[in-house]
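Just so it is clear, the structure is predicted and the values come from calculations on it, not from any experiment. Numbers restart at 1 for each chain; the letters A, B, ... are given by sequence-line order, proteins then strands.
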Number of protein chains: 2
Amino acid sequence: MDLGERKKKILGAVIEHYIRTAEPVGSRTISKLDELGVSSATIRNEMADLEEMGLLTQPHTSAGRIPSTMGYRTYVDRLMKNYEFSVSEINRLRSLMELQLTEVDSMIKELTGIYSYLTNYTIVGSSAGNNNGYIKNFHMVQIDRNSALLIVVTDKNIVKNKQIYFDCDIDSTVTEKISNMLNENLAGVVKSKINLEKIYEIQAEMDVYKSVLLPVLNFVNECIESLDNSEVFISGASKLLDFPEYSNVQKAKELLEFLDNKENLHRMAASVDNADVKIIIGNENDAIELKDCSIVLSSYNIKGKGTGTIGFIGPTRMNYSKAVSTLKLLTGQIDKLTSNKEPEGEK
Amino acid sequence: MDLGERKKKILGAVIEHYIRTAEPVGSRTISKLDELGVSSATIRNEMADLEEMGLLTQPHTSAGRIPSTMGYRTYVDRLMKNYEFSVSEINRLRSLMELQLTEVDSMIKELTGIYSYLTNYTIVGSSAGNNNGYIKNFHMVQIDRNSALLIVVTDKNIVKNKQIYFDCDIDSTVTEKISNMLNENLAGVVKSKINLEKIYEIQAEMDVYKSVLLPVLNFVNECIESLDNSEVFISGASKLLDFPEYSNVQKAKELLEFLDNKENLHRMAASVDNADVKIIIGNENDAIELKDCSIVLSSYNIKGKGTGTIGFIGPTRMNYSKAVSTLKLLTGQIDKLTSNKEPEGEK
DNA sequence: GTTAGCACTCAATCAAGTCGAGTGCTAATC
DNA sequence: GATTAGCACTCGACTTGATTGAGTGCTAAC
């Protein structure tokens with residue numbers, strides 16, 4: 001799909017205007033923008049085309065157009081220009097550079113707090129987690145003919161347990177054998193050393209009990225996954241309420257509730273691969289709660305500590321270009337502050 | 001001020017009804033409550049009396065009555081009965097008892113998260129902080145004739161600074177003297193050892209520079225206050241949006257923004273003395289942002305770690321009796337879990 | 001002291017009417 | 001063939017006015 005130069009300009013103008021105003025954009029508005037000296041009627045035709053292509057939509061006949069997810073996507077991928085910080089913005093941000101904190105985690109939280117305050121965006125993030133958690137030991141206790149309780153104790157002495165039901169009858173030799181096997185193979189092994197192959201190995205080794213093993217391993221896997229003790233946090237959640245799209249309390253509540261749940265943040269943070277900056281727009285999100293939100297995510301690296309994630313969250317019409325630029329600045333600053341972290345320095 | 005038995009009953013009925021419905025309560029509603037077999041007209045007279053006493057107010061003529069801060073206060077202090085947990089509530093809460101976590105802080109956070117989820121109230125708290133932070137050293141640099149920069153470095157290498165303006169002209173001997181004095185008297189002294197008397201002592205000693213000293217000491221005090229490295233946290237903030245009083249997004253935003261700021265939470269947490277349970281109603285709060293909120297606070301103690309604070313926050317018409325009971329249960333549970341903290345135990 | 005009755009108040013709700021921003025289409029123009 | 005002016009039409013947003021009903025205060029009777 002190729003857009004003409006003019007269509008690109010119009011799409012860009014519509015999106016940027018909508019980002020600022022949150023109001024559907026009409027053809028007259030665009031035509032007055034003097035970017036391109038054509039009348040509103042022409043714009044109307046072009047906009048009808050763009051709508052046909054699925055880049056714009058109309059909330060109802062006789063309203064202006066608003067960008068669709070695909071529209072934003074095209075904008076972000078192909079049209080967006082780099083956001084230029086104004087002098088005063090640079091000055092405000094530069095003053096942050098003077099922060100001097102030693103505890104890395106609290107520094108990052110502090111920093112995101114300030115950025116959230118300055119940009120008026122909500123920031124979510126996860127601190128750099130080490131993958132050296134492990135499971136201390138496993139216990140398996142038969143409950144009745146076809147169920148047993150699996151108990152898992154982690155290095156932090158968190159105890160998890162689950163009653164597991166089997167398709168067939170079992171006896172205590174089975175539970176014993178399984179728990180022995182788990183203890184031998186997985187107890188004390190740090191998370192980063194456990195991978196799928198290891199699990200498959202076990203599965204092969206225990207071939208006889210295959211059907212019995214599956215639910216057990218599922219739960220074990222769950223436990224291992226949740227071992228990561230990286231912390232997630234959120235700054236400036238209330239900023240979301242600034243956006244007219246959340247003037248409906250019900251909607252706002254659903255989103256805030258979603259963000260309240262650390263599990264969800266974890267999942268979000270985990271989704272970022274090593275790409276530079278990842279942008280997830282509207283219904284590209286896995287969670288339906290986020291179908292009207294966009295997320296701009298990036299990761300940072302602290303040597304000896306691992307990788308953390310940090311990102312902006314806002315309505316789909318967020319200012320992507322500013323978000324991306326700010327995020328780069330923020331992660332850059334984290335890198336800078338953590339690399340030369342010999343404190344003691346005066347201001 | 002003494003209330004007759006009937007007035008008490010009516011006040012209690014109004015408050016409890018209002019807590020449930022968030023609607024102004026009319027005389028007919030109360031009269032139908034069959035608690036006391038009198039007609040609505042009688043209730044009206046009594047309610048007029050209660051309004052005159054300042055315990056009830058009317059949002060407008062021809063609306064029912066709603067309790068005033070003073071009304072809630074009398075209710076809480078003198079009328080309120082203990083909340084009785086229902087069997088199912090007790091069962092749900094009891095299942096929490098089975099949690100086994102060792103890291104005290106994360107346990108408490110986890111616990112408050114679950115309680116927030118179950119009670120649908122927002123919970124704020126601060127973890128048990130040690131008071132052994134200190135300020136490493138002070139520097140004072142003259143900037144011009146009547147201002148100087150005060151730089152404070154804490155034990156965590158957090159650097160704070162503030163430009164301080166004086167009423168009179170100063171020279172470098174003054175700044176030098178002040179910074180020497182601060183370093184001699186306060187540098188390296190842990191927070192718990194610093195008290196008002198110490199500050200007064202300094203003030204007396206430096207009598208000559210009294211007017212100069214005041215703004216300096218103010219800032220120093222600020223720094224010392226913020227030394228406490230106990231962490232504050234909030235669980236289930238979005239629950240606030242359930243209350244119709246926050247269906248106005250503007251209002252909700254102000255409150256959430258206030259709670260977003262850790263400083264404010266810190267101040268709130270600090271305000272709890274060693275009382276059993278402290279209830280702060282509406283405009284009894286220092287912060288105007290909380291003038292429509294009530295807070296039920298309590299503290300818990302972990303031996304060897306210090307004191308933490310935990311509390312519910314909600315609209316003034318919160319269910320005080322339930323909040324108090326739940327809070328007692330919660331802090332009790334924390335005590336219990338932290339006292340016999342020999343983990344390793346199976347479920 | 002209590003209650004029934006009545007006039008009065010006032011927010012909330014609803015329907016009807018108006019307004020205006022914006023569209024799509026057609027015919028004229030460049 | 002692309003652009004534009006003009007016009008009829010659509011539809012949400014807003015205004016207005018009438019209606020409703022919950023609730024009050026007061027007075028007179030019980």
Side-chain angles (χ1 to χ4, degrees), chain A residues 2-11 13-15 17-18 20-68 71 244-245 247-249, chain B residues 2-11 13-15 17-18 20-68 71 244-245 247-249:
Chain A
D2 210 20
L3 297 162
E5 201 52 40
R6 194 167 65 187
K7 281 201 174 56
K8 276 188 196 166
K9 270 191 180 154
I10 292 176
L11 179 60
V14 169
I15 292 184
H17 197 273
Y18 185 67
R20 260 185 298 119
T21 63
E23 300 282 322
V25 188
S27 53
R28 233 177 88 79
T29 318
I30 302 293
S31 77
K32 270 191 295 192
L33 237 52
D34 84 6
E35 279 270 331
L36 50 172
V38 294
S39 81
S40 63
T42 313
I43 310 268
R44 269 206 289 289
N45 290 330
E46 297 282 40
M47 275 161 79
D49 289 351
L50 288 169
E51 181 166 3
E52 212 168 307
M53 294 185 209
L55 301 176
L56 296 179
T57 52
Q58 257 182 313
H60 56 87
T61 14
S62 90
R65 304 299 209 292
I66 59 174
S68 67
E245 22 277 89
S247 61
N248 174 340
V249 175
Chain B
D2 209 21
L3 298 162
E5 201 52 40
R6 195 168 63 185
K7 280 201 175 52
K8 275 189 198 167
K9 269 192 181 154
I10 291 177
L11 180 60
V14 169
I15 292 184
H17 197 272
Y18 186 68
R20 260 185 299 119
T21 62
E23 301 280 323
V25 188
S27 54
R28 234 177 86 79
T29 318
I30 302 292
S31 77
K32 271 190 296 190
L33 238 52
D34 84 5
E35 280 269 332
L36 48 174
V38 294
S39 82
S40 62
T42 312
I43 310 269
R44 271 205 289 287
N45 290 330
E46 297 282 40
M47 274 161 77
D49 289 351
L50 287 169
E51 180 164 5
E52 212 168 308
M53 294 184 206
L55 301 177
L56 295 179
T57 52
Q58 255 182 313
H60 56 86
T61 19
S62 90
R65 303 300 210 290
I66 59 175
S68 68
E245 24 277 90
S247 60
N248 174 341
V249 175

Next on the checklist: Without decimals, in angstroms, what is the distance between Gln58(A) CD and dC9(D) P?
Outcome noted: 18 Å
Checklist entry - How is Ser40(A) classified with respect to the nucleic acid when contacts are heavy atoms under 4.0 Å: base, sugar-phosphate, or nothing? => result nothing
Item to check | Rounded interatomic separation in angstrom, taking CZ from Arg28(B) and C1' from dG21(D) | outcome: 12 Å
Item to check | Nearest-0.5 Å distance, CD1 of residue Ile15(B) to CG of residue Leu55(B) | outcome: 8.0 Å
Checklist outcome for this item: Distance col, row Ile10(B):CD1 vs Ile30(B):CD1, nearest 0.5 angstrom, shows 7.5 Å
Checklist entry - What is the distance from atom CD1 of Ile66(B) to atom NE2 of His17(B), rounded to the nearest 0.5 Å? => result 14.5 Å
Item to check | side-chain N/O Arg6(A) vs dT3(D) OP1/OP2, d < 4.0 Å | outcome: yes
Checklist outcome for this item: Sorted by position of nearest nucleotide on DNA chain C, 5' first, the leading residue of Thr29(A) and Ala41(A) is Thr29(A)
Checklist entry - Is any side-chain heavy atom of Thr42(B) less than 4.5 Å from a side-chain heavy atom of Ser39(B)? => result yes
Item to check | Glu51(B) CD to dG23(D) C1', straight-line distance once rounded to whole Å | outcome: 13 Å
Checklist outcome for this item: From CZ of Arg44(B) across to C1' of dA28(D) the rounded distance in Å is 15 Å
Item to check | Positional range of nucleotides in DNA chain C within the contact set of chain B, heavy-atom, under 4.0 Å | outcome: dT2(C) to dA11(C)
Checklist entry - With a 4.5 Å limit on heavy-atom distance, are the side chains of Asp49(A) and Lys7(A) in contact? => result yes
Next on the checklist: Check the phosphate of dA22(D) against Ser62(B), side-chain N and O only, distance under 4.0 Å to OP1 or OP2. Yes or no?
Outcome noted: no
Item to check | Rounded interatomic separation in angstrom, taking CD1 from Ile43(A) and P from dT4(D) | outcome: 9 Å
Item to check | Check: Thr57(A) main-chain N/O paired with Ser68(A) side-chain donor or acceptor under 3.5 Å | outcome: no
Checklist outcome for this item: From CZ of Arg65(B) across to P of dA22(D) the rounded distance in Å is 17 Å
Checklist entry - To the nearest Å, how far apart are Ile30(B) CD1 and dG23(D) P? => result 10 Å
Next on the checklist: Can you confirm whether Val38(B) sits close enough to Arg6(B) that some side-chain heavy atom of one is under 4.5 Å from a side-chain heavy atom of the other?
Outcome noted: yes
